[in-house]
Amino acid sequence: MLVDYVEFYKFQAVATLTRAIVDPDAVSKTDIVKVAVNVPLSREFDYLPAAGAPLPQPGSRVLVPFGHRRQTGVVTALAGESELPGNKVRRCVATLDREPVLSGDDLWLIRFTSNYYHHPVGEVVAAALPALLRQGKALHPVLVHVVATDAGEKTDLDALARRAPRQAELLELLLDAGGNGVDVETLTEQLPTWRRAAKPLREKGLIGQHEARIYASQEDEPTAGQPGPTLNADQSRAVDAVRAHQGFGAFVLDGVTGSGKTEVYLRLMEQVIGAGKQVLVLVPEIGLTPQLVSRLKRRLGLAPAVLHSGLTDLERLGAWRRARSGMAPFVVGTRSAVFTPLPNVGLIIVDEEHDHSLKQQEGLRYSARDLAIVRAKHIGIPVVLGSATPTLEMLHHCRTGSYVHLELPHRAGGAKPPALRLVDLNRTVARDGVSEPLAAAIAEHLGAGGQVLMFLNRRGFAPTLICASCGHIAECPRCDSRMTVHAHDRQLRCHHCGVYRPLDDTCSECGAQVRPLGEGTQRLEEALQERFPTRRVIRIDSDSTQKKGAMTEALSLAERGDAEILVGTQMLSKGHHFPNLTLVGIINADQGLFGADFRSSERLAQSIIQVAGRAGREDRPGEVLVQTAFPDNDFWARLIDGGYRQVSEDALAEREATRWPPFTRLALLRSAAHRQRDAHAFLEAVRQRILDMQVDGLRVLGPVDAPMARKAGRYRAQLLLQSADRQALHAVLARLRPALEEDPAARKVRWSLDVDPIELF
Ligand code: ADP
Ligand code: ZN
């Protein structure tokens, strides 16, 4: 989508980022460094090199004075002179890197991202660097290890434990760790208060420390990879198409769930890695990484660098360093891994291309998928975009011929696609969300030794608490939303702002009994456990998987088949492979039928197809039951008769007729303020500013209230810009952004710009 744009930006002068301050007395300088500093301003800043230090090269970090503080920044370019008068240019305090941490290609991607999303370049740099580097720590940090001394080893732990239990706890931990001890970071994680116990132990000579500088971490020994299955004809065709291609090419691997997309990735990776190149694999969610990583590792016999939000800062830096040094043969990571330096990348794979978590929804609102495509184009390598439910954007590119459509229409290994059936909620009563036909199907599948998955995209016990007498509904005091009942910890919680309060049994208005209305995953879990008391039920949602390791544990229970009934939100619908699963129940699909967003039907079809894809992946056929109160809605006929292909074709035709993306481009400006008036006034002024630019074919829609007009105590409004001409739209944004940064009215509100937004309502 933004690829053709690359060319356009090559001609855009850097001048749009560094605003000229014209000064006739500007003193000519030979070595000015342009530094991206992590501040919300769309420009870079000029500095002289640190006194006595050599000129830092682009991509190196420097410590610079910024206002009254010091900040870590990254040199983006060198310049002969500054537009600032000579006496205004300050010196860097220090150069932090002897060699650049970011290469020219990395800086290119950062600059592109900043330009395309109209986001301050310093903040893009910050998003691209691991936290420790952002903070100015060394690329090869010194690790302090705490160890038990000989005297420590001879200490009577029991005696120590009686006098000083904390000291004993720390000493025991170090003794267990053996000769190398434990590094400070790990120690802090395992025993947050260890420093207090360490002092007396050190004084008694029972513990000591040593330092080690980490260079490239020890590379895992390659092992023999396992052979894969023989590819079927469709898979071979896909692999050959990518292999035969020279230079940049975008390949949409459109394969039904279980069609063997991962096998295609593997074959391509083998070849690219065999040729001595690196592969970048992007996955939408951290929850999916362990499964995929272990499969890739096992098959390729190589250890990847893994990058996701669940790592400690040190682990993250370590993986980043292995990628950057070229030692990691492949990198598997979530969204921000798209920025990982890879000196020798030969292939990029984006798995589950349709997934919304590939787009960051706050701060720098980038699409990792789109940046992956841009990066591949810049370097001149193929990018493979896999999905069972490709986005309309990708399908549109395939139609116009700019991307290559590779289809895997059948499940690999001969498994049958699951049969989809509707349960009419008007003809049956659903008790705690489960209708009789669904309950009967569950019993039947369990009886036949299968596993079942019940999908409900609503966590908590019940989405509403209502008074049986006066009808009062518990609402969030800070948002336009209802409080969700969480029965386990007897709380009412707002899922939008996180506020919570104790759950009362009586109505705050009239004192009568209240009751939870509707169902969330907790209630469903309880109801199913009650109906099937001898079966093991597990729930997988963001509440149940908060504890570290909980997700992995739940998934392995599910994969082994130890839990027979799985209850979960969309977290459970993605990419997982449960060999024994034969029935999927979709508890409530109706919300998506009437969504206000033009993407509702695409999204509903995607989520149903994805979760349905969990059923019947091996020899036993799968079945999918969808509960709906609107069985006659034609969405169902299209989905059941024509599948995702039909739904997506119809949706594309509709988008073309109504001029929505991918036939037009969007940008959304949001604002939030304590007073509704301020949120609107700001956008009203922006609207006027844009209209004054008199751009042909640009529609400016709004300002209107955001769909949830009040959230966390702030009123929210939005302004939508739409144009069929992307360059015209971006030219407007490029003029708008710096103006807004200087606009005093903008300080009254929180505003943000979302280019190619995927959530409008
Ligand atoms: P997807 O990524 O499209 O969901 P996978 O690559 O995970 O599909 O494949 C689904 C299942 O089919 C896996 O168990 C995989 O080992 C198996 N499989 C894939 N390709 C083949 C093939 N050519 N022959 C036999 N089994 C295959
Ligand atoms: Zn709230």
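Order of listing sets the numbers, starting from 1, for every ligand and every atom in it.
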Salt bridge (charged side-chain N to carboxylate O under 4.0 Å, His left out) pairs, two or more places apart, involving residues 254-272: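 Only Glu263-Arg267, Glu263-Arg295, Glu263-Arg299 qualify under salt bridge (charged side-chain N to carboxylate O under 4.0 Å, His left out).
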Could you label the plane-to-plane angle of the His495 and His486 rings as parallel, tilted or perpendicular, counting under 30° as parallel and over 60° as perpendicular?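 Ring orientation, 0 to 90° scale: perpendicular.
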Answer yes or no: is there an ion pair linking [X] with [Y], defined by an N-O contact shorter than 4.0 Å?
X: Glu623; Y: Arg421; value: yes
X: Glu759; Y: Arg603; value: yes
X: Arg490; Y: Asp505; value: yes

Flag side-chain contact, heavy atom, 4.5 Å: [X] against [Y]:
X: Ile442; Y: Leu583; result: yes
X: Ile586; Y: Val611; result: yes
X: Gln610; Y: Thr389; result: yes

Looking only at heavy atoms, is any part of [X] under 4.0 Å from ligand 1, and if so is it the side chain, the backbone, or both, or is it neither?
X: Gln235; value: side chain
X: Thr262; value: both
X: Thr230; value: backbone
X: Arg295; value: side chain

Quick check for you: within a radius under 2.8 Å, how many protein N, O or S atoms neighbour the Zn ion (ligand 2)?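 Every protein N, O or S atom under 2.8 Å from the Zn ion (ligand 2) counted, the figure is 4.
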Which one of [options] has a non-hydrogen atom at the shortest distance from [atom]?
atom: atom 12 (O) of ligand 1; options: Gly260, Ser236, Ser259, Ala412; answer: Ala412
atom: atom 26 (N) of ligand 1; options: Ser387, Gly228, Gly386, Pro229; answer: Pro229
atom: atom 14 (O) of ligand 1; options: Glu352, Arg411, His577; answer: His577

Which residue owns the protein heavy atom closest to atom 19 (C) of ligand 1, what's the atom, and how far is it?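 I find the closest protein heavy atom is Glu263 CG, 3.3 Å.
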Considering non-hydrogen atoms of the protein only, which is the closest contact for atom 4 (O) of ligand 1, and what is the distance?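 The protein heavy atom lying closest is Gly258 N, 3.0 Å.
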Answer yes if the ring centres of His245 and Phe251 are under 6.0 angstrom apart, and no otherwise.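 When the ring centroids of His245 and Phe251 are compared, they turn out to be within the sub-6.0 Å range.
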For Ser752, side chain to side chain donor-acceptor pair (under 3.5 Å) partners two or more places apart: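 Arg365.
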Those residues that, when tested against Gln491, pass side chain to side chain donor-acceptor pair (under 3.5 Å) (two or more places apart):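 Applying side chain to side chain donor-acceptor pair (under 3.5 Å) to Gln491 gives Arg493.
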Ligand 1 atoms in contact with Asn232 (distance to a heavy atom under 4.0 Å):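 Selected atoms, number and element: 23 (N).
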Going by the atom numbers of ligand 1, which of them fall below 4.0 Å from some non-hydrogen atom of Leu231?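 It comes down to these atoms of ligand 1: 23 (N).
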Min N/O separation Lys261 to ligand 1 under 3.5 Å: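 Right, the criterion is met.
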Tell me, please: is Gly255 in heavy-atom contact with ligand 1, that is, under 4.0 Å?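 So Gly255 does not count as touching ligand 1.
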Salt bridge (charged side-chain N to carboxylate O under 4.0 Å, His left out) partner of Glu393, chosen from Lys359, Arg599, Arg369: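 Result for salt bridge (charged side-chain N to carboxylate O under 4.0 Å, His left out) with Glu393: Arg599.
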